[in-house]
Amino acid sequence: MPEKSTLPLSSYEQLAGTTPRMSTTTKLVGLLGTIASMLLLTLLICSFTLPKASPKPTLYLIGDSTVKNGKGKGDGGLWGWGNYIGAYFDTTRIHVENDALGGTSSRTFQTQGHWEKVLTKIKPGDFVIMQFGHNDNGPLADTARARGTIKGVGEESQEVYNPITKKQEVVHSYGWYMRKFISEAKGKGATTVVCSPIPRNGWTAGKVNRASTDYGQWAGEAAKQGGAFFVDLNKIIADKYDQEGEEKVKATYFNTTDHTHTIEAGAKMNATAVVEGLRELKKCPLTKYLAKK
């Protein structure tokens, strides 16, 4: 009888010119292995933290009603320039937030807690534009507002009984409060810009009354002392008023009953004046966020 072949199965398959067939189980194991490898590779790629895009900075506006009148909705037809300045910035790259509050002075914006709410939000790279002065020359301790500050930029102070809060309070100078804004904002990594207060609708011999010897001057001095940028907004706007003339200014930018707050046209003009002042600043990082002309 012929001897039986002792060649292994693989040898027969090779002789026949075929390759071994994979079982269904073997194929499934291979597929699962491939999937596992791909998942592992994906996890490894994801484990490398890609740099996150930095959040865009915020420009915070603080001030009185000439920056935001009422709730900023044009009550009584009156508007602050803060409502319109956002149109001059590239808001795809910077956020503009108007936190000004009517009736406040450089003192009460702080003592009433409004500044603290803004300060807690400030992050490195942000900006703060401040404009106070219209309400700072009031009484220090009257029963109506108690919002006045000591005139000037000195370090003098006065302790008073505040009938509004019913507490003793140490009141400082206008410049002291402005320097406090600047110092604390800079301490959070923000760039600060001080604006002198806008002119009121008051005239003498055909020329608008300026604040060049009081709050306009003191705003500039406080900015210099605190290391902030300064926009002499009072002068920029007053120059425009004088050029246009008393009659036109009164008819175009104000109503007939208010000598401080502007109507929409006045607020828009004041916003352009702020931007004009910003463009004149040297090495101010805020200017790079202005929209192209």
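When reading the values below, keep in mind they use all heavy atoms of this one structure, side chains included, and skip hydrogens, waters and symmetry mates.
- For H259, there are no ring-ring contact (aromatic ring centres under 6.0 Å, His included) partners at least two apart in sequence or on another chain.
- In summary, the side chains of Q131 and T66 do present a donor paired with an acceptor at a separation below 3.5 Å, with no hydrogens or angles considered.
- In this structure, K240 pairs ionically with E276, as a charged nitrogen and a carboxylate oxygen lie closer than 4.0 Å.
- Residue K188 qualifies as enclosed at atom NZ: its count of foreign heavy atoms under 6.0 Å is above 12.
- Note that CH2 of W203 and CD of E247 are 10.5 Å apart. Values are rounded to the nearest 0.5 Å.
- Sequence neighbours left out, not one pair with a member in residues 134-169 passes ring pair (Phe, Tyr, Trp, His ring centres under 6.0 Å).
- Side-chain contact check for I94 versus T58: every heavy-atom pair is 4.5 Å or farther apart.
- For K224, the NZ atom is loosely surrounded, since the number of other residues' heavy atoms within 6.0 Å does not exceed 12.
- Checked for salt-bridge contact, E184 and K180 meet the test: a charged N lies under 4.0 Å from a carboxylate O.
- Counting heavy-atom neighbours within 6.0 Å of Q243 CD, excluding the residue itself, gives a total of 12 or less.
- The side chain to side chain contact (heavy atoms under 4.5 Å, CB included) check on S157 picks up V170, H172, with sequence neighbours excluded.
- The side chain to side chain contact (heavy atoms under 4.5 Å, CB included) search around D90 returns T92, R93, not counting sequence neighbours.
- The main-chain N or O of Y177 is never found under 3.5 Å from a side-chain atom of R107 such that the two would form a donor-acceptor pair.
- The hydrophobic cluster containing Y84, built from Ile/Leu/Val/Met/Phe/Trp/Tyr side-chain heavy atoms closer than 4.5 Å, also comprises W79.
- Pairs passing the ring pair (Phe, Tyr, Trp, His ring centres under 6.0 Å) check and including a residue from residues 86-108, sequence neighbours excluded, do not occur.
- Salt-bridge annotation for K207 and E246: absent, with no side-chain N of the basic residue lying under 4.0 Å from a carboxylate O of the acidic one.
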